[in-house]
Amino acid sequence: MQPLLHIDNLDIQFHTQEGIHHAVRGLSLRLGEGETLGLVGESGSGKSVSALAVMRLIPNPPGKILRGSISFNGRDLLTLPMEEVRRIRGNEIAMIFQEPMTSLNPIHTCGDQIMEPLILHQGLSKKAAQERALELLTMVGIPNPRQGLREYPHQLSGGMRQRVMIAMALSCKPKLLIADEPTTALDVTIQAQILELMKELRRETGSSIIFITHDLGVIGELCSRVAVMYAGQVVEVSPVDRLFNAPLHPYSEGLLFSIPDIGKPKDRLFAIDGTVPNPFDMPPGCAFSPRCKYVQPRCREQVPPLREAENERFVRCFMRQL
Ligand SMILES: Nc1ncnc2c1ncn2[C@@H]1O[C@H](COP(=O)(O)OP(=O)(O)OP(=O)(O)O)[C@@H](O)[C@H]1O
Ligand SMILES: [Mg+2]
């Protein structure tokens with residue numbers, strides 16, 4: 001079956017004063033209809049940039065998509081005219097941004113911003129859109145939703161802005177929802193409510209979700225598959241339970257052991273030795289090789305390909321590709 005989203009061999013660079021930063025390198029991912037895929041990886045590994053590329057929101061300059069395709073429902077988003085992309089954005093594909101102010105417009109009230117796509121894409125009357133906006137703000141836990149409709153983004157706290165943005169993203173019941181760290185800025189109870197909301201959306205509309213997070217607990221609760229990114233590359237893709245039971249990539253292993261509640265209990269928190277490679281001075285072979293405790297001479301010379309290591313499990317590591 002054709003997947004809803006198929007990212008194939010995507011390469012993205014940023015031209016900065018320090019030089020060229022190859023932020024996403026050969027990214028390939030598939031997402032089925034109704035599927036929830038988790039995307040994890042260290043800060044700076046290219047998770048947000050990959051998501052922004054799906055929305056055609058990579059700023060150019062400094063960003064440039066060098067190669068690859070992003071097929072959504074059989075159409076390549078990278079070659080579609082912008083007008084078509086705009087029609088798809090906020091209607092068929094919605095994104096909850098890591099930074100709420102990226103998507104909220106400071107000069108319009110929250111109500112107008114939630115109502116606009118409802119009127120534009122769904123053909124609702126102004127009154128019906130207002131009712132729906134009120135319902136959505138109540139759903140995401142805005143304490144006084146009627147007042148919330150009238151407020152401007154800067155009048156709200158960070159957490160409230162995040163909720164308004166979630167309401168906007170859910171309003172059109174998108175086929176694909178990309179949630180970039182949607183709950184990181186929120187307190188735990190609200191986090192749980194938002195996750196419930198997403199599950200509800202998925203039940204109701206069969207939406208597919210890409211969920212970007214640092215929280216592996218959330219991945220376990222929400223996602224069926226997970227992709228692990230390191231230094232701009234996917235290093236492992238696996239069903240969540242199998243990754244949790246037996247990670248294949250040494251970086252995934254480190255990631256799992258660095259959180260206290262998954263894996264065996266231990267006296268102190270484990271941290272992966274070393275730091276992420278300097279993007280302007282990447283090691284020649286495997287990007288993780290300088291930190292890898294299983295490193296072999298070959299790993300320092302050749303970049304391992306992403307290969308199927310077990311049924312439905314893909315890994316970018318020579319050790320698993322004998
Ligand atoms: N507009 C930009 N100009 C220059 N470099 C950028 C730009 N946007 C992103 N990058 C670089 O691309 C790399 C990947 O960034 P990205 O935001 O995708 O990381 P991330 O995996 O989402 O990290 P985090 O977990 O911190 O959100 C980073 O090193 C970042 O500095
Ligand atoms: Mg990010």
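Small disclaimer: the values here were computed from a predicted structure and weren't measured. Each residue takes its place number in the sequence, starting with 1. Counting starts at 1 for both ligands and their atoms, following the listed order.
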| Nearest-0.5 Å distance that lies between atom CG in Asn245 and atom CG in Asp241 | 6.5 Å
| message | Taking ring-ring contact (aromatic ring centres under 6.0 Å, His included) as the definition, give me every residue that meets it alongside His22, ordered by chain and number, with sequence neighbours left out. | response | none
| note | protein heavy-atom neighbour closest to atom 31 (O) of ligand 1 works out as His21 CE1, 4.0 Å
| Would you find a donor on one side and an acceptor on the other, under 3.5 Å apart, between the side chain of Thr213 and the backbone of Asp215? | yes
| query | For atom 27 (O) of ligand 1, which protein heavy atom lies nearest, and how many Å away is it? | reply | Gln98 NE2, 2.9 Å
| said: I'd like to check which ligand 1 atoms, numbered from 1 as shown, lie under 4.0 Å from a non-hydrogen atom of Ser45. | reply: 19 (O), 21 (O)
| task | Verify the distance criterion only: is there a donor paired with an acceptor across the side chains of Arg291 and Tyr230 at less than 3.5 Å? | result | yes
| task | Tell me, please: is Pro62 in heavy-atom contact with ligand 1, that is, under 4.0 Å? | result | yes
| How many angstroms lie between CG in Asn73 and CG in Leu176, if you round to the nearest 0.5 Å? | 10.0 Å
| said: Looking only at protein heavy atoms, which one is nearest to atom 17 (O) of ligand 1, and what is the separation? | reply: Ser48 CB, 3.5 Å
| query | Non-hydrogen atoms of Gly63 versus ligand 1: any pair closer than 4.0 Å? | reply | no
| said: Is it the case that the side chains of Thr205 and Ser207 hold a donor-acceptor pair, with the cut-off being a distance below 3.5 Å and no angle test? | reply: yes
| Looking only at protein heavy atoms, which one is nearest to atom 26 (O) of ligand 1, and how far off is it? | Ser43 OG, 2.5 Å
| request: Could you tell me the residue and atom name of the protein heavy atom closest to atom 8 (N) of ligand 1, and the distance to it rounded to 0.1 Å? | output: Phe14 CZ, 3.5 Å
| message | For atom 23 (O) of ligand 1, what is the closest protein heavy atom, and at what distance to 0.1 Å? | response | Gly44 N, 2.8 Å
| query | Between Lys47 and Glu42, is the closest basic N to carboxylate O distance under 4.0 Å? | reply | no
| task | Measure the distance from atom 25 (O) of ligand 1 to every protein heavy atom, then report the residue, atom name and distance (to 0.1 Å) of the closest one. | result | Lys47 NZ, 2.8 Å
| Checking Glu236 side chain against Arg316 main chain: does a donor-acceptor pair fall under 3.5 Å? | no
| remark: Per-atom filter on ligand 1: closer than 4.0 angstrom to a heavy atom of Ala23 are 12 (O), 13 (C)
| query | Is Arg30 salt-bridged to Glu35, cutoff N-O under 4.0 Å? | reply | no
| Does ligand 1 have any atom sitting under 4.0 Å from a heavy atom of His214? | yes
| task | Go through the steps for His108 and Tyr152 under the test ring-ring contact (aromatic ring centres under 6.0 Å, His included), then give the verdict. | result | CA-CA 6 Å; His108 294 292; Tyr152 290 87; 8.3 Å; no
| So which bit of Met229 gets within less than 4.0 Å of ligand 1, heavy atoms only: side chain, backbone, both or neither? | neither
| Between CE on residue Met95 and CD1 on residue Ile210, distance to nearest 0.5 Å | 9.5 Å
| request: Would you indicate whether the side-chain heavy atoms of Ile166 and Met139 approach each other to under 4.5 Å? | output: no
| query | Hey, is Glu83 close enough to Arg86 for a salt bridge, meaning N to O under 4.0 Å? | reply | no
| message | I need the atoms of ligand 1 closer than 4.0 Å to a non-hydrogen atom of Val49, numbered in the order shown. | response | 9 (C), 12 (O), 14 (C), 15 (O), 16 (P), 18 (O)
| field | Sub-4.0 Å heavy-atom contact, Gly46 with ligand 1 | value | yes
| field | Under-2.8 Å neighbours of the Mg ion (ligand 2), protein N/O/S atoms only | value | 2
